[in-house]
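Predicted model, so just to flag it, every value in this text is computed and none were measured.
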Amino acid sequence: MSVVEVRNLTKVFGDMAAVDDVDLASREGEFLVLLGPSGCGKTTLLRMIAGLEEPTSGEIFIGGEKMNGLPPRIRKVAMVFQSYALYPHMTVARNIAFPLRAEGVDKAEQDKRVRWAAELLGIDRYLERRPRQLSGGERQRVALARALVREPNVFLLDEPLSNLDAKLRAAARDDLLEFQRRVGITTIYVTHDQVEAMGMGDRIAVMSDGRIRQFGTPEEIYSDPADTFVATFIGSPPMNLLRSEHRVVGFRPENFRPITEFAERDMPSTFRFHVNRSEYLGSDRFLYGTVEGYDENTKVIARVPVNASIPEGATHEFGVAAADLCYFDPRTGKRLRGDE
């Protein structure tokens, strides 16, 4: 296992900084997620770690050794892409063994490693099949097995589940996480899907415009967002933001509740919430509306129990506990703390 660290890493294309002065360090054996919208720089950062892109400036360390200028095979990393890039004319066994043949590993050792990786990923019964005979999830496992046989120190995964349908993605997330826990290899995983990030990551680096906006555990990022970008990118539905002249107040939909639910000794900040629409989602009910005293174009969402009886088209007293309120600078979007 190895720690991955980047220091002041920058990649410029023309006059645009795709990655802009990024500092990041993994922990040994952790599942670290790079999360952000398309074009935020997360894949470029991953490719620089892999050695597929040369940084404009900055340093990359793997296992304490500087990697700048070294080719991918020297870095002992294995990368799995969004496209699994399996050879359709080869069997699963030959696809998995391909990097070993390229390195000149003898046939007996190839067979040993292929069998080991296939058994670990539960695809040993498919070794004589072709990729077209496999499901999307099975192909993804073949791509992982092909990476694993190289015995890497670091796994780099670039949206490897994005080609799967929603149901299969949920199952594949569980399989991938279980696999990573078993092998214990430091893994950096790129995704734009915050559900994947929150469910899989030991820690998450939220990226935007080539920079890391916040780096922490899923709980830290959800409960204690560093700025309005993180507050609204993480969470489904996202954090509500109400803007005034001096500050922006934010609160999560599940913390926005009818005033009658609060004990008298725990009186919250109160809001007059006009409910325009109620949405039934089986386990929850979402209420959509506006808050009096704020811009009527600012939509607010409350997440309430499915059996809550809150009529549409009426205004209700809602509240948020003081501990659940976040405040942000209206100009910079950054979190305000204490007496700021």
*What is the distance from atom CG of L34 to atom CG of L46, rounded to the nearest 0.5 Å?*
6.5 Å

_Exercise: identify the closest heavy-atom pair between V22 and G210_ = CG2-O, 3.4 Å

*State whether the side chain of R173 and the backbone N or O of G199 hold a donor-acceptor pair below 3.5 Å, judged by distance alone.*
no

*asked:* Between T298 and T290, is there a side-chain heavy-atom distance shorter than 4.5 Å?
replied: no

*Main-chain N/O of L242 paired with S244 side-chain donor or acceptor, under 3.5 Å*: no

*Verify the cluster assignment for L325 and Y294: are they in a single hydrophobic cluster under the rule of side-chain heavy atoms below 4.5 Å apart?*
yes

*On the 0 to 90° scale, with breaks at 30° and 60°, tag the F271-F256 ring pair as parallel, tilted or perpendicular.*
perpendicular

*Mutual orientation of the aromatic rings belonging to F273 and F318 [parallel < 30°, tilted 30-60°, perpendicular > 60°]*: perpendicular

*Without swapping roles, check the side chain of R113 against the backbone of R150 for a donor-acceptor pair under 3.5 Å.*
no

*Can you tell me if CD on E54 sees more than 12 non-hydrogen neighbours from other groups inside 6.0 Å?*
yes

*Please confirm whether R94 makes a cation-pi placement over Y87, using NZ or CZ under 6.0 Å from the six-membered ring centre and within 45° of the ring normal.*
no

*Within one Ile-Leu-Val-Met-Phe-Trp-Tyr cluster: L121 and M200, side-chain cutoff 4.5 Å*: yes

*Between Q110 and V105, is there a donor-acceptor pair closer than 3.5 Å when you use the side chain of the first and the backbone of the second?*
yes

*Give the intermediate values and the outcome of salt bridge (charged side-chain N to carboxylate O under 4.0 Å, His left out) for residues R203 and E220.*
CA-CA 9 Å; R203 291 187 298 164; E220 290 168 346; over 6 Å; no

*Going through the checks in order, is the side-chain contact (heavy atoms from CB on, under 4.5 Å) test met by R129 and L134?*
CA-CA 8 Å; R129 293 189 184 182; L134 304 178; 4.1 Å; yes

*asked:* Is it true that R272 and T315 share a donor-acceptor pair across their side chains at a distance under 3.5 Å?
replied: no

*asked:* Please check this pair: side chain of R277 against backbone of E312, looking for a donor-acceptor N/O pair closer than 3.5 Å.
replied: no

*Would R146 count as a cation-pi partner of F98, with NZ or CZ less than 6.0 Å from the six-membered ring centre and within 45° of the ring normal?*
no

_Partner of D227 by salt bridge (Lys or Arg N to Asp or Glu O under 4.0 Å), out of R331, R213, K334, R335_ = R213

*Please lay out, stage by stage, how F61 and R7 fare under the test side-chain contact (heavy atoms from CB on, under 4.5 Å).*
CA-CA 8 Å; F61 296 85; R7 302 175 187 170; 3.6 Å; yes

*Should R243 and D295 count as an ion pair when the cut-off is N to O under 4.0 Å?*
no

_Shortest non-hydrogen separation from M239 to R252 and the atoms involved_ = N-NH1, 3.3 Å

*Derivation of the side-chain contact (heavy atoms from CB on, under 4.5 Å) call for M207 and L45*: CA-CA 10 Å; M207 295 188 67; L45 175 55; 4.0 Å; yes

*Search all heavy atoms of M48 against all heavy atoms of I60 and return the closest pair with its distance.*
O-CD1, 3.1 Å

_Given P225, which partner from the list T232, V206, V230 fulfils the side-chain contact (heavy atoms from CB on, under 4.5 Å) test?_
V230

*Nearest 0.5 Å, what's the CZ-CG distance between R115 and L127?*
5.0 Å

*asked:* Just by distance, no angles: are the side chains of Y189 and Q180 close enough, under 3.5 Å, to form a donor-acceptor pair?
replied: no

*Check G235 against Y222 and note the closest heavy-atom contact, atom names and distance.*
CA-CE1, 3.8 Å

*With side chains defined as the heavy atoms from C-beta onward, is the minimum distance between S57 and N8 less than 4.5 Å?*
no

*Pairing residues for D106 by the side chain to side chain contact (heavy atoms under 4.5 Å, CB included) criterion, not counting sequence neighbours*: A108, E109

_Test item: F262 and T270 side chains (from C-beta on) under 4.5 Å apart, heavy atoms_ = no

*asked:* Taking V149 as the starting point, is it possible to reach V80 by hopping between hydrophobic residues whose side chains are less than 4.5 Å apart?
replied: yes

*Do P152 and V77 come close enough that some side-chain heavy atom pair is under 4.5 Å?*
no

*asked:* Using every non-hydrogen atom in the two residues, find where V142 and N95 come nearest and quote the distance to one decimal.
replied: CG1-CB, 4.3 Å

*Could you pull out the closest heavy-atom pair between G201 and V33, with the gap in Å?*
CA-CG2, 3.6 Å

*Verify, without hydrogens or angle tests, whether N255 (side chain) and V320 (backbone) share a donor-acceptor contact under 3.5 angstrom.*
no

*Separation of R130 CZ from L86 CG (nearest 0.5 Å)*: 12.5 Å

_Hydrophobic clusters here meaning ILVMFWY residues chained together by side-chain heavy-atom distances under 4.5 Å, can you tell me if V4 and V183 are in one?_
no

_Measuring only between side-chain heavy atoms, which start at C-beta, is V291 closer than 4.5 Å to N240?_
no

*Would you say T10's side chain and D21's backbone share a donor-acceptor pair under 3.5 angstrom?*
yes

_Any S278 side-chain heavy atom under 4.5 Å of R285 side chain_ = yes

_Check this for me: D209, atom CG, are more than 12 non-hydrogen atoms of other residues, nucleotides or ligands nearer than 6.0 Å?_
no

_To the nearest 0.5 Å, what is the distance between CD on E28 and CG on N153?_
9.5 Å

*Distance-only, no hydrogens or angles: does the T186 side chain make a donor-acceptor pair with backbone N or O of V3 under 3.5 Å?*
no

_pair L24-L9: side-chain heavy atoms closer than 4.5 Å_ = no

*Could you give the distance from NZ (K76) to CG (L70), rounded to the nearest 0.5 Å?*
14.0 Å

*Is there side-chain contact between E279 and Y288, with at least one heavy-atom pair below 4.5 Å?*
yes

_Enclosure of K112 NZ (heavy-atom neighbours >12, cutoff 6.0 Å)_ = no

*Carefully, step by step, assess K107 and D111 under the rule salt bridge (charged side-chain N to carboxylate O under 4.0 Å, His left out).*
CA-CA 6 Å; K107 185 66 166 62; D111 293 343; 2.9 Å; yes

*With sequence neighbours left out, which residue pairs that include part of residues 132-159 fulfil the ring pair (Phe, Tyr, Trp, His ring centres under 6.0 Å) condition?*
F155-F179

*Nearest 0.5 Å please: distance from the CD atom of E59 over to the CE atom of M67.*
12.5 Å

*Are the charged groups of D202 and R27 less than 4.0 angstrom apart, N to O?*
no

*Quick one: do M79 and L52 satisfy side-chain contact (heavy atoms from CB on, under 4.5 Å)? Show the steps, please.*
CA-CA 10 Å; M79 192 163 180; L52 301 176; 3.7 Å; yes

*Taking a hydrophobic cluster as the set of Ile, Leu, Val, Met, Phe, Trp and Tyr residues connected by side-chain heavy atoms closer than 4.5 Å, whether directly or through intermediates, do F215 and I234 fall within one such cluster?*
no

*Where the side chain of D284 meets the backbone of P305, is there a donor-acceptor pair that is under 3.5 Å apart?*
no

*Counting N and O atoms only, with roles assigned by atom type, does the side chain of E196 sit under 3.5 Å from a partner on the main chain of E159, one being a donor and the other an acceptor?*
no

*Can you label the angle between the F229 ring and the F233 ring as parallel, tilted or perpendicular, going by 30° and 60°?*
parallel

